[in-house]
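Note that the structure is predicted; figures quoted are calculated from it, not measured. So you know, we letter chains A, B, ... as the sequences are listed, proteins then strands, and number each from 1.
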Amino acid sequence: MHPHFLRLLLQLELITPDDATRIERFESARPFSLHWELKTLLYLGVLLLNLGLGYLIYQNIDSVGHAALIALIGAVSATCFWYAYRRRQPFSPGETESPTPYYDYVLLLGCLLFLVMEGYWQYQYQIFGTRYGLATFIPMVLFFGLAYRLDNRGVLSLGITALASWLGIAVTPQDLLAHNDFNSETIVNTGILLCVLLSAVPFLSELRDFKKHFSITYLNFGVHIGMIACLSGMMALDRPLLYFPMLCVAVGFFIWYARTRASLYFLTVAVLYGYIGFTYMLLNYVTDMDFMFYLLYFILSCAGVIVFLLNYKRFIKTDAP
Amino acid sequence: MIAYDRAGLDALLIRDAAQEWCRQGLLSEEQWLAVQAQHKSGFYSPNVFVRIGLAIFTLVLLSAALGLGALISDLNSETGFALLCLFFGLVLFLMLELWIIGSARHYGSGVDDMLLYFGTSLLLGGLYMLMPSGSQPLDYACVTLPFLVVGSIRYLDRLMTAAAFGYALMILMLLLMKSPQLALFAMPFAGMLFAGGVYFLARHGQSRYAWRHWHSALAVLELLAIVLFYVSGNYWVVQQAGYGWFQIEQPPIAWFFWIFTFAVPLAYLYFGLRRKDRLMLDVGLGCVAVAVFTYRAYFHVMPLAWAAVLGGAVLFAVAYFSIRHLRKTKGVYTYDADADKTLLQEIEQQLIAQHLAQQPAPAPNKDASLGGGQFGGGGADGQF
């Protein structure tokens, strides 16, 4: 296909014959990139190792071999961290490039195996006793530290997951004293709190110009956790009057963010969650209408949203930072 | 033949090529701007997230509109509903042609995609309801296929192309099933022949300049053909099909299918690398995994956990040494990232991004009650 376009551009005098020969030579001598294939193999390798070692431990928990296994996992994890430490880049508040192509995967393997090992210790020896919070607090601190020091967004995701479960755990001991529905309410409120926390971090980092490229990871977790928490507060806890305003605030915040930062992902996600929440409110509170009314509501509201999304270019600020 | 404006489609192709040359430093910034100025597609093709959002809302809107139509027309017979579907489907196609593609110049916006899918489903649904009650699956498939073929040719739609491939294969297999004696032996080879035919059509089509707008649709066909060819001769598939349909424990000429199971992935890898054919190479990598699973399904050589550990270590080592080698020696192959991503890679990127976010949390995860499966899906490898 290229020769045709090349001839066309040449005819239109958009390129010179010199350019054309250069492009011709480039296209014919172009090396074949194996980048994606090899990266996929690395990733699958890490995943399989993690799964396999994780299974092995639990299969052999009462056998003689388990001490050797745990030593093996510890050694592999330690080697990964040692490699990551040896090859680390100097710290910078901006984005740094990975020192080697395998660096991110080795670090990821180290972190995942650390989780396997720590989980095993707690299971077998109860090293944290009943202080379950500590068991998630330690990996959380470790992962956040590694993510910031070594500039790795994958590890940051692990850290945020650990943070979420740490918050989940830290509030659960009270559950033993309370009712079941109270239990889920704490979870919903924790989710909203976590959303606020995760959404605030990017602004601090923008203010301080410190790891600004982590924002998208924080906000991606924040938007889903927060919106789902609000929606389950409305639907499962059946307290729409309390949680619907919160959902509106969250939707408004993310639409504002999308507008100022030109992020179409957050725009679409916020509009979708907002529409679900609004529709639920309508169906819940306007109950004595004709079936036709609801169909008309869906037609008109969807048409409205479509028109809004179609004109996103006018809504999004293109001179965003 | 194509619903979309051909000049606009050409402009898109030229811009893509010129952008890549500019990225490679073969064209100057001014030249790239000049190309952009001269080749304006004028299409409305939003970003992928907006596209998904638009498709979802269009789907809800159309479903509600269909419901409203059924409510107003107050139908109480199946024929009536079938006619309503046909009428509604025709209206949707008129809207798609005259308004969305015609005056609003949408191209891959989510609205045009969903109108196409919904309209086709309605037309087919209406026809299905009108067909006599004793109709066989073969009849339904024969009615469906022309719509899918026309849809993929006229609207350049990749999903429809894939569906057309599936239905064509289904028709072939159903025809073969009519004579069970023959089917047992012919089925694997019919699949291979069909795959081979589609493969050569797709390869030939992609090299034709006149067919340039169907390039991505033909690439989908090529991918499916490569996959189908392997699947047709894979021992596990053949054995399961033979057992399921003809109650035969072991298929005839088993040795052939065992050789096929292992030789074809290697051939894919070899030719993929040799001919710099990314599609074949990527499918070959997948087929190697399938071959390993096939072997494990019949011979238990190792417990699953050990196999995973060993496999993971081997994969990691292979990738590690290949990358090291490629970075040291400059040649025909390189580790440097390529700009043009294939379909498979786009899908994979999405999957990996999702998977990372799904890494199990190191605790019995109470957040699961938040309702979304997205985060904190209780640990797959059972920590704690």
Side-chain angles (χ1 to χ4, degrees), chain A residues 1-2 4-5 14-15 22-23 26 31-36 38 41-42 44-45 48-49 51-56 58-59 101-102 115 119 122-123 136 139 154 157-158 161-162 164-165 168-169 172 184 187 191 224 228-229 232 264-265 268 271-272 292 295 298-299 302-303 305-306 309 312, chain B residues 14 17 21 24 26-27 31 34-35 38 47 49-50 53-54 57-58 60-61 64-65 67-68 71 209 212 276 285 305 308-309 311-313 315-316 318-320 322-323 332-338 345 348 352 356-357 359 361-363 365-367 369-372 374 376 381-384:
Chain A
M1 223 189 299
H2 286 300
H4 290 275
F5 294 148
L14 283 169
I15 56 172
R22 256 193 308 145
I23 290 173
F26 170 79
F32 186 58
S33 168
L34 296 173
H35 186 85
W36 271 89
L38 292 171
L41 289 189
L42 278 178
L44 285 177
L48 278 178
L49 274 174
L51 277 175
L53 288 173
Y55 264 128
L56 268 184
Y58 289 96
Q59 280 178 351
Y102 353 92
L115 278 184
Q122 170 65 6
Y123 180 89
T136 43
S157 298
L158 288 180
T161 323
S165 41
I169 288 294
T172 35
S184 50
I187 296 295
H224 293 292
I228 291 174
S232 44
L264 296 172
Y265 173 70
T268 311
V271 166
L272 267 171
M292 186 106 67
L295 288 176
F298 276 115
I299 293 174
C302 282
V305 176
I306 289 171
L309 282 180
Y312 73 93
Chain B
I14 291 173
W21 292 331
Q24 297 284 354
L26 296 162
L27 291 181
Q31 282 172 316
V35 171
Q38 285 219 2
N47 154 300
F49 299 116
V50 177
L54 281 171
F57 284 106
T58 309
V60 177
L61 190 156
L68 194 68
L71 206 64
Y209 182 65
R212 62 194 176 282
K276 299 188 179 183
L285 286 173
V309 173
L315 280 185
F316 197 90
V318 166
Y320 178 85
S322 312
I323 294 173
V332 200
Y333 304 106
T334 171
Y335 180 69
D336 297 335
D338 221 355
Q345 289 163 352
E348 189 208 329
I352 287 190
L356 260 188
Q359 281 306 326
N365 215 323
K366 292 286 159 65
D367 305 45
S369 63
L370 279 177
Q374 183 117 21
D381 35 0
Q383 282 119 8
F384 289 105

Is there side-chain contact between [X] and [Y], with at least one heavy-atom pair below 4.5 Å?
{"X": "B:Tyr335", "Y": "A:Pro101", "answer": "yes"}
{"X": "A:Thr268", "Y": "B:Asn47", "answer": "no"}
{"X": "A:Pro31", "Y": "B:Val332", "answer": "no"}

At a heavy-atom separation under 4.5 Å, does [X] approach chain A through its side chain, its backbone, both, or neither?
{"X": "B:Val35", "value": "both"}
{"X": "B:Leu54", "value": "both"}
{"X": "B:Ile323", "value": "both"}

To the closest 0.5 Å, what do you measure between CD1 (A:Ile306) and OG1 (B:Thr58)?
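Here the interatomic distance stands at 3.5 Å.
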For [X] and [Y], work out which heavy atoms get closest and say how close.
{"X": "B:Ala319", "Y": "A:Leu41", "answer": "CB-CB, 3.8 Å"}
{"X": "B:Tyr320", "Y": "A:Leu42", "answer": "N-CD2, 4.3 Å"}
{"X": "B:Leu68", "Y": "A:Met292", "answer": "CD1-SD, 3.2 Å"}
{"X": "A:Gly52", "Y": "B:Ala308", "answer": "CA-CB, 3.7 Å"}
{"X": "A:Leu49", "Y": "B:Gly312", "answer": "CG-C, 3.9 Å"}
{"X": "B:Leu61", "Y": "A:Ile299", "answer": "CD1-O, 3.6 Å"}

A:Leu56 and B:Val309: side-chain contact (heavy atoms from CB on, under 4.5 Å), yes or no, with the steps?
CA-CA 9 Å; A:Leu56 268 184; B:Val309 173; 3.9 Å; yes
Pair B:Thr334, A:Leu34 - check side-chain contact (heavy atoms from CB on, under 4.5 Å), show working.
CA-CA 6 Å; B:Thr334 171; A:Leu34 296 173; over 6 Å; no
The criterion is side-chain contact (heavy atoms from CB on, under 4.5 Å); which residues satisfy it with A:Val305, sequence neighbours excluded?
A:Val271, A:Tyr275, A:Leu309, B:Phe57
Would you call the rings of B:Tyr333 and A:Phe32 parallel, tilted or perpendicular, taking 30° and 60° as the class edges?
perpendicular
